[in-house]
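This is a predicted model, so every value here is computed, not measured.
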Amino acid sequence: MKITFYGQNTLLIEVSGKNILVDPFITGNPLAKDKVVVDEIKADYILLTHAHQDHVLDAEVIAKNNKATIVSNYEIAMYYQSRGIDVHPMNHGGSWSFDFGEVKYVNAVHTSSFADGTYGGQPGGFVLKGADKTIYIAGDTALTMDMKLIPLSFSIDLAILPIGDNFTMGVDDAIIASDFVACNKVLGVHYDTFGYIEIDHDSAKQKFSDKNKDLVLLDIAQSIEI
């Protein structure tokens, strides 16, 4: 499984010959817009954790460019279906076996609405189980005890957690979250894009290291394989 970071919460996951894009926010991201070309992104599926603009801004264009299927909660799925996009609606606690692996839609504590004010349902995260590896995509969330449910059903190889604080968990809560999901390898997201969520990279990595955990912070368009 290969994961490429496109800034904020945007990820491209390559697994079982399919491209899964998460929360595409590129053209509005000052850190990514000159480094990533939206029209060149290839996606078979687009996973949306919630409806905020910094997670869905480029979803419609990329979905239509690729005839991709948007996977999200029911309200978000219907929003995009009304725009002529293929969708797969889900809701909390539900799982589905796709042609690239199993996806479970799990709880998140945040808010969710589109930029035009349309209700975006309740926010969520995803557990994606591929052929060999399983990842947890937390989305925008506070630290929540619900995370403790995840390792009861899955062995997580990589936890993708927000670390920017203010709107989501910060570094300290993300360390606790990694304990809750029983995964010591964390890919940090949702940081540095705006002034509210700028972080000290060295300090963040040291805090994780002090707890015998590995925090991975990728540059825009950089990838890791797990």
Problem - Thr141/Thr168 under side chain to side chain contact (heavy atoms under 4.5 Å, CB included): CA gap, chis, key distance, verdict - result: CA-CA 5 Å; Thr141 186; Thr168 67; over 6 Å; no
Can you tell if the side chain of [X] reaches within under 4.5 Å of the side chain of [Y], non-hydrogen atoms only?
X	Y	answer
Ile160	Tyr136	no
Leu11	Tyr6	no
Tyr191	Glu198	no
Ile199	Asp192	yes
Leu48	Pro24	yes
Ile135	Ile226	yes
Val186	Val216	no
Ile20	Leu12	no

Which residue pairs satisfy the salt bridge (Lys or Arg N to Asp or Glu O under 4.0 Å) criterion with at least one member in [range], sequence neighbours excluded?
range	result
residues 31-59	none
residues 143-170	none
residues 22-32	none
residues 80-101	Lys18-Asp99, Glu60-Arg83

Handout entry: Within residues 33-75 or reaching into it, pairs that qualify as ring-ring contact (aromatic ring centres under 6.0 Å, His included) - sequence neighbours excluded
Key =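 Found Tyr45-Phe98, Tyr45-Phe100, His50-His52, His50-His55, His50-His110, His52-His110, His55-His190.
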Euclidean distance, [Y] [atom2] relative to [X] [atom1], rounded to 0.5 Å:
X	Y	atom1	atom2	answer
Ile76	Met90	CD1	CE	13.0 Å
Leu218	Ser223	CG	OG	7.5 Å
Asn65	Ile41	CG	CD1	9.5 Å
Ile220	Thr10	CD1	OG1	8.5 Å
Ile13	Lys133	CD1	NZ	14.5 Å
Thr144	Ile176	OG1	CD1	12.5 Å

Handout entry: Whichever hydrophobic residues join Phe167 through chains of side-chain contacts under 4.5 Å
Key =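 Traced through the cluster, Phe167 reaches Phe25, Leu57, Phe194, Tyr196, Ile197.
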Exercise for the section: Could you identify which residues cluster with Leu152, counting Ile, Leu, Val, Met, Phe, Trp and Tyr as linked when any side-chain heavy atoms lie under 4.5 Å apart, either directly or through a chain of such contacts? Expected result: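 Noted: Leu152 shares its cluster with Leu149.
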Handout entry: side-chain contact (heavy atoms from CB on, under 4.5 Å), paired with Lys205, selected from Val171, Asp200, Leu215
Key =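 Of the listed residues Val171, Asp200, Leu215, the side-chain contact (heavy atoms from CB on, under 4.5 Å) partner of Lys205 is Leu215.
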Handout entry: side chain to side chain contact (heavy atoms under 4.5 Å, CB included) between Val87 and Tyr80, intermediate numbers included
Key = CA-CA 7 Å; Val87 301; Tyr80 286 105; 4.1 Å; yes
Exercise for the section: Go through the steps for Val127 and Glu102 under the test side chain to side chain contact (heavy atoms under 4.5 Å, CB included), then give the verdict. Expected result: CA-CA 8 Å; Val127 176; Glu102 178 185 354; over 6 Å; no
Practice task
Indicate the atoms forming the closest heavy-atom contact of Gly188 with Ile163, along with that distance.
Solution key: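 Smallest interatomic distance, heavy atoms only, reads CA-CD1, 3.9 Å.
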Exercise for the section: Work out which heavy atom in Ile85 is nearest to a heavy atom in Ala68; give both atom names and the distance. Expected result: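 Scanning both residues completely, I find the closest heavy atoms to be CG2-O, 3.9 Å.
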Exercise for the section: Please confirm whether the backbone N or O of Gln222 pairs with a side-chain atom of Thr4, one donor and one acceptor, at under 3.5 Å? Expected result: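 Checking the backbone N and O of Gln222 against the side chain of Thr4, no donor-acceptor pair under 3.5 Å is found.
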Handout entry: Backbone of Lys129 reached by a side-chain donor or acceptor of Thr134 within 3.5 Å
Key =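 The answer is no, because no donor-acceptor pair under 3.5 Å joins these two groups.
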Are [X] and [Y] joined in one hydrophobic group, where the rule is that I, L, V, M, F, W and Y side chains link up if heavy atoms are under 4.5 Å apart?
X	Y	answer
Ile150	Met145	yes
Phe154	Phe180	yes
Val37	Val22	no

Exercise for the section: Mind running side chain to side chain contact (heavy atoms under 4.5 Å, CB included) on Leu158 and Ile3 for me, showing each step along the way? Expected result: CA-CA 11 Å; Leu158 178 71; Ile3 302 172; 3.5 Å; yes
Problem - Of all pairs that satisfy side chain to side chain donor-acceptor pair (under 3.5 Å), the ones with a partner from residues 209-220, not counting sequence neighbours - result: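 Non-adjacent pairs meeting side chain to side chain donor-acceptor pair (under 3.5 Å): Ser178-Lys213, Asp179-Lys213, Asn184-Lys213, Lys185-Asp214, Gln206-Asp210.
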Handout entry: Asp132 atom CG: more than 12 heavy-atom contacts under 6.0 Å
Key =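 No, CG of Asp132 has 12 or fewer neighbouring heavy atoms, counting only those of other groups under 6.0 Å.
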Practice task
Return yes when atom NZ of Lys64 has more than 12 non-hydrogen atoms of other residues, nucleotides or ligands closer than 6.0 Å, and no otherwise.
Solution key: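 Yes, NZ of Lys64 has more than 12 neighbouring heavy atoms, counting only those of other groups under 6.0 Å.
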Exercise for the section: Return the set of residues passing side chain to side chain contact (heavy atoms under 4.5 Å, CB included) with Ala177 (not counting sequence neighbours), or none when no residue passes. Expected result: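 Scan of Ala177 (side chain to side chain contact (heavy atoms under 4.5 Å, CB included), adjacent residues dropped) gives Leu143, Met147, Leu161, Met169.
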Exercise for the section: Kindly write out the residues that satisfy side chain to side chain contact (heavy atoms under 4.5 Å, CB included) with Thr118, not counting sequence neighbours, or none if the list is empty. Expected result: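 So Thr118 forms a side chain to side chain contact (heavy atoms under 4.5 Å, CB included) with Tyr79, Phe114, Asp116.
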Handout entry: Those residues that, when tested against Lys207, pass salt bridge (charged side-chain N to carboxylate O under 4.0 Å, His left out) (two or more places apart)
Key =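 Checked Lys207 against salt bridge (charged side-chain N to carboxylate O under 4.0 Å, His left out); matches are Asp172.
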Exercise for the section: Please check if any side-chain donor atom of Gln8 sits under 3.5 Å from a side-chain acceptor atom of Thr193, or the reverse. Expected result: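 Gln8 vs Thr193: donor-acceptor pair found between side chains.
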Contacts table for residues 119-126: side-chain donor-acceptor under 3.5 angstrom, sequence neighbours left out:
residue	atom	partner	partner atom	Å
Tyr119	OH	Gln122	NE2	3.1

